[in-house]
Number of protein chains: 2
Amino acid sequence: MDNKLPTIKEIAKRLNVSVSTVSRALADHPRIGLRTKTRVQELAKELNYEPNAQAIFFKQRKTFVIGVILPYIREEFFSQAISGIEKAAMEHEYTILFGQSFDDPEREKKVVETMKKQRVDGLIISLSKQTQNYEHLQALEKFGIPVVYFDRVPPFEHAHKVYCNLFKGTVDMVNWLFGRGYKRIAIINGPEKLPATKERLNGYIEGFSKKKLKVDMQLVENTDLSKESTYRAVKSLLASKNPPTAIISFNDYVHMDAVQYAQQQNIQINKDLVFVSYANLPITSYTAHPPLVSIEQYPYGQGEKAMEIMISILNDKIEGKTGQQVVYYNEEMPATLVLNQQSLL
Amino acid sequence: MDNKLPTIKEIAKRLNVSVSTVSRALADHPRIGLRTKTRVQELAKELNYEPNAQAIFFKQRKTFVIGVILPYIREEFFSQAISGIEKAAMEHEYTILFGQSFDDPEREKKVVETMKKQRVDGLIISLSKQTQNYEHLQALEKFGIPVVYFDRVPPFEHAHKVYCNLFKGTVDMVNWLFGRGYKRIAIINGPEKLPATKERLNGYIEGFSKKKLKVDMQLVENTDLSKESTYRAVKSLLASKNPPTAIISFNDYVHMDAVQYAQQQNIQINKDLVFVSYANLPITSYTAHPPLVSIEQYPYGQGEKAMEIMISILNDKIEGKTGQQVVYYNEEMPATLVLNQQSLL
DNA sequence: TAAATCTGCGCAATCGTTTGTCCAAGGTAA
DNA sequence: TTACCTTGGACAAACGATTGCGCAGATTTA
């Protein structure tokens with residue numbers, strides 16, 4: 001259990017040469033004589049020498065570590081996203097420092113702080129639901145640590161981001177439903193302050209506008225994403241004088257809760273009332289009633305893209321683009337309508 | 001714009017004092033005068049100074065980073081586990097370097113290598129299904145980097161591990177089924193080489209032995225965990241002359257596939273044939289037919305425990321237990337039978 | 001009054017590695 | 001013979017922070 005890792009110094013002392021000679025010999029520098037070079041390289045191999053990356057990174061002021069902060073890794077969307085991030089990272093020899101915000105801005109701030117301390121080369125983040133204040137993140141950029149947002153992105157322009165255009169996706173969704181003959185289309189939207197919520201709402205309204213129809217606000221409900229809140233929303237929709245024939249849920253989790261409640265009310269799911277949703281989690285295919293149609297948001301692709309952007313930024317920085325105007329990457333990914341195979345039965 | 005992060009040096013220069021004074025002032029050292037102290041602390045706050053952990057850790061030869069390698073983060077079991085790991089890590093100011101093996105030993109090896117280069121203080125790992133060779137991990141320990149295994153642990157004694165006793169859990173499960181009057185109890189087990197598979201099988205056999213019964217090997221099937229393989233296993237069971245009245249699935253994913261197939265064969269799930277399983281993923285409560293009973297394996301608890309053990313090991317090392325005999329932590333967690341609420345309907 | 005103590009802070013080494021600069025010895029050309 | 005390369009390697013600074021030690025000047029004590 002000899003935990004002293006061999007260093008360049010150790011080798012130098014043993015061979016009675018200077019550390020710089022050892023360093024150069026190991027790097028195959030032309031200024032070192034062949035004899036010395038082989039002596040050094042042989043001893044290095046014998047001692048199982050490995051350069052201390054910590055020391056090198058410290059000197060280079062670079063860690064090859066990217067911080068990744070997600071709301072909840074247990075959500076399949078994010079676990080897929082991190083896999084995309086990891087894939088791109090691995091391809092470029094970067095590593096991932098991981099943290100969750102649990103949708104708590106305080107916690108998010110703390111994790112950001114930790115990552116700053118660890119001197120990550122960059123930060124990829126999907127914001128917590130409650131985050132309204134972006135100072136802790138903008139501060140990072142001021143210090144030269146680039147931040148790439150994905151999926152849950154901030155509302156301002158001057159930031160690198162990757163996201164799905166859920167406005168368009170929602171318009172398509174509404175269109176599709178109209179096309180299938182559904183007229184009373186309700187939406188159970190997310191927390192009102194969330195940009196993602198506004199995007200869906202706007203798409204929803206736009207979908208109606210295209211048909212020269214006005215939205216009946218009785219068909220618009222919100223949930224704080226808890227099961228209870230979703231139950232309440234469905235209850236309210238079902239109790240309306242002219243109840244919906246289709247329900248768009250904020251995401252697959254809301255969808256599942258909504259279906260659960262409707263089922264308790266003895267409603268024939270996807271017959272009396274059809275359910276459609278966002279996210280298209282593979283896991284829904286195992287549920288009793290998957291959404292008839294889902295808007296795929298490509299979490300893996302978003303993650304991958306976010307990391308690729310990060311790497312571009314870091315490379316640009318090395319090539320000294322200082323002084324030039326900062327360009328913000330803004331990657332809009334398609335949001336595709338996906339028909340559930342099972343539902344076709 | 002591209003301001004470098006403030007350093008202790010920068011503060012020293014601005015206030016015209018030495019770096020050591022700044023360092024001590026920030027650490028609230030008693031030998032620094034109150035006036036100097038406040039001047040330093042105020043400027044530090046103003047500049048948003050954060051100590052460079054890289055530098056400190058480099059000097060201390062410690063990173064406060066723990067590598068975590070999981071097979072698939074998208075499995076809820078592991079995403080819960082990492083949350084437990086993260087919680088314990090945060091409490092002790094450790095951070096997590098994340099990697100997935102995707103159940104590929106080659107990939108696992110590569111990730112281990114990366115973590116070694118990054119000089120993690122320790123490694124927490126749940127082995128890939130295929131891992132048979134442990135050299136890359138034992139080498140880490142030789143370098144003084146402790147390894148804690150959880151859930152999917154290696155078969156040898158001299159390793160720190162956290163796991164559930166699925167042998168006992170399976171015995172309990174079989175007992176419970178007998179108690180409910182089920183006599184033809186089948187099991188769809190995992191890949192034969194997996195220790196977890198053997199454990200389940202032994203528990204299954206023991207459960208029968210306790211009732212002075214012999215196992216009918218026709219009731220024992222294996223799956224490689226793919227949907228197709230599971231389908232095949234169920235098909236084989238259903239085709240038997242004396243088909244089972246209860247099926248124990250290797251885990252909830254196998255369970256879901258098994259149920260899906262049985263359903264396609266027009267079997268009344270949990271009536272004609274009851275299904276029970278391991279893992280107890282919350283997500284199953286949304287499925288059409290959750291397992292009647294699940295063996296809870298406490299992924300969060302396992303992760304938390306693994307990190308706590310890691311921290312104990314690291315603390316022991318600091319306190320210089322060198323020379324003493326190495327003690328291997330071996331934490332066996334209970335595997336509890338959980339009755340599904342929904343199934344009671 | 002001199003010695004001892006205290007107060008407040010600076011100097012420099014250290015961690016492992018890279019890299020610019022310098023230096024000595026030997027060889028070569030004019 | 002002298003000035004000038006070439007070769008092979010040593011020296012030292014630097015990255016950011018910590019910390020033992022030293023050293024003034026002020027204050028207290030004997």
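Chain identifiers are assigned alphabetically (A, B, ...) following the order of the sequence lines, protein sequences preceding nucleic acid strands; residue numbering begins at 1 within each chain.
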Output the single nucleotide from D:dA10, D:dG16, C:dG16 whose closest atom is nearest the side chain of A:Arg24.
D:dA10
Starting from C1' on D:dA14, measure out to CD on B:Glu10 and report it in whole angstrom.
17 Å
N-O pairing of B:Arg107 and A:Glu86 below 4.0 Å
yes
Whole angstrom is fine here: how far is it from CZ in B:Phe57 over to C1' in D:dT18?
13 Å
How many Å lie between CG on B:Asp28 and P on C:dG8, as a whole number?
13 Å
Just compare D:dG9, C:dC15, D:dG16 and give me whichever is closest to any side-chain atom of A:Thr21.
D:dG9
Once you round to the nearest 0.5 Å, how far does CG of B:Leu70 lie from CZ of B:Phe150?
5.0 Å
Interatomic distance where CD1 belongs to A:Ile8 and P belongs to C:dT14 [whole Å]
18 Å
Quick one: which of B:Asp104, B:Asp151, B:Asp103 gives a salt bridge (charged side-chain N to carboxylate O under 4.0 Å, His left out) with B:Lys129?
B:Asp103
Nearest heavy atom decides the nucleotide; on that basis, is A:Leu34 or B:Lys9 closer to the 5' end of DNA chain D?
A:Leu34
Using atom CG of B:Leu26 as one end and atom P of D:dT18 as the other, report the distance to the nearest whole Å.
8 Å
Nearest-nucleotide pick for A:Arg119, side chain only, options being C:dC15, D:dA17, C:dT17:
D:dA17
With nearest nucleotide decided by heavy atoms, which residue, B:Val19 or B:Lys37, maps closer to the 5′ end of DNA chain C?
B:Lys37
Any idea how B:Tyr328 and B:His158 line up, ring-wise: parallel (<30°), tilted (30 to 60°), or perpendicular (>60°)?
perpendicular
How many Å lie between CD on A:Glu50 and P on C:dG16, as a whole number?
15 Å
In whole angstrom, give the distance that lies between atom CG of B:Leu15 and atom C1' of C:dG10.
15 Å
Base, sugar-phosphate or nothing for B:Tyr49? Non-hydrogen atoms, less than 4.0 Å.
sugar-phosphate
Classify A:Lys59 by what it touches in the nucleic acid, base, sugar-phosphate, or nothing, heavy-atom distance under 4.0 Å.
base
Value in whole Å for how far the P atom of D:dG16 lies from NZ of B:Lys13
11 Å
Below the 4.0 Å mark, does C:dG16 have OP1 or OP2 next to a side-chain nitrogen or oxygen of B:Arg61?
yes
Decide yes or no, distance alone: a donor-acceptor N/O pair under 3.5 angstrom between the base of C:dC9 and the side-chain of B:Ser18.
no
Hey, does A:Leu97 have a side-chain heavy atom less than 4.5 Å from the side chain of B:Ile96?
no
Categorize B:Val17 for me: base, sugar-phosphate, or nothing, with a 4.0 angstrom heavy-atom threshold over every strand shown.
sugar-phosphate
Given C:dC9, C:dT21, D:dG20, which nucleotide is nearest the side-chain atoms of A:Arg31?
C:dT21
Can you label the angle between the B:Phe98 ring and the A:Phe98 ring as parallel, tilted or perpendicular, going by 30° and 60°?
tilted
Measuring from the side chain of B:Asn52 (C-beta onward, heavy atoms only), which nucleotide among D:dG9, C:dT17, D:dA17 has the closest atom?
D:dA17
What does B:Ser23 touch in the nucleic acid at a heavy-atom separation under 4.0 angstrom: a base, only the sugar-phosphate, or nothing?
base
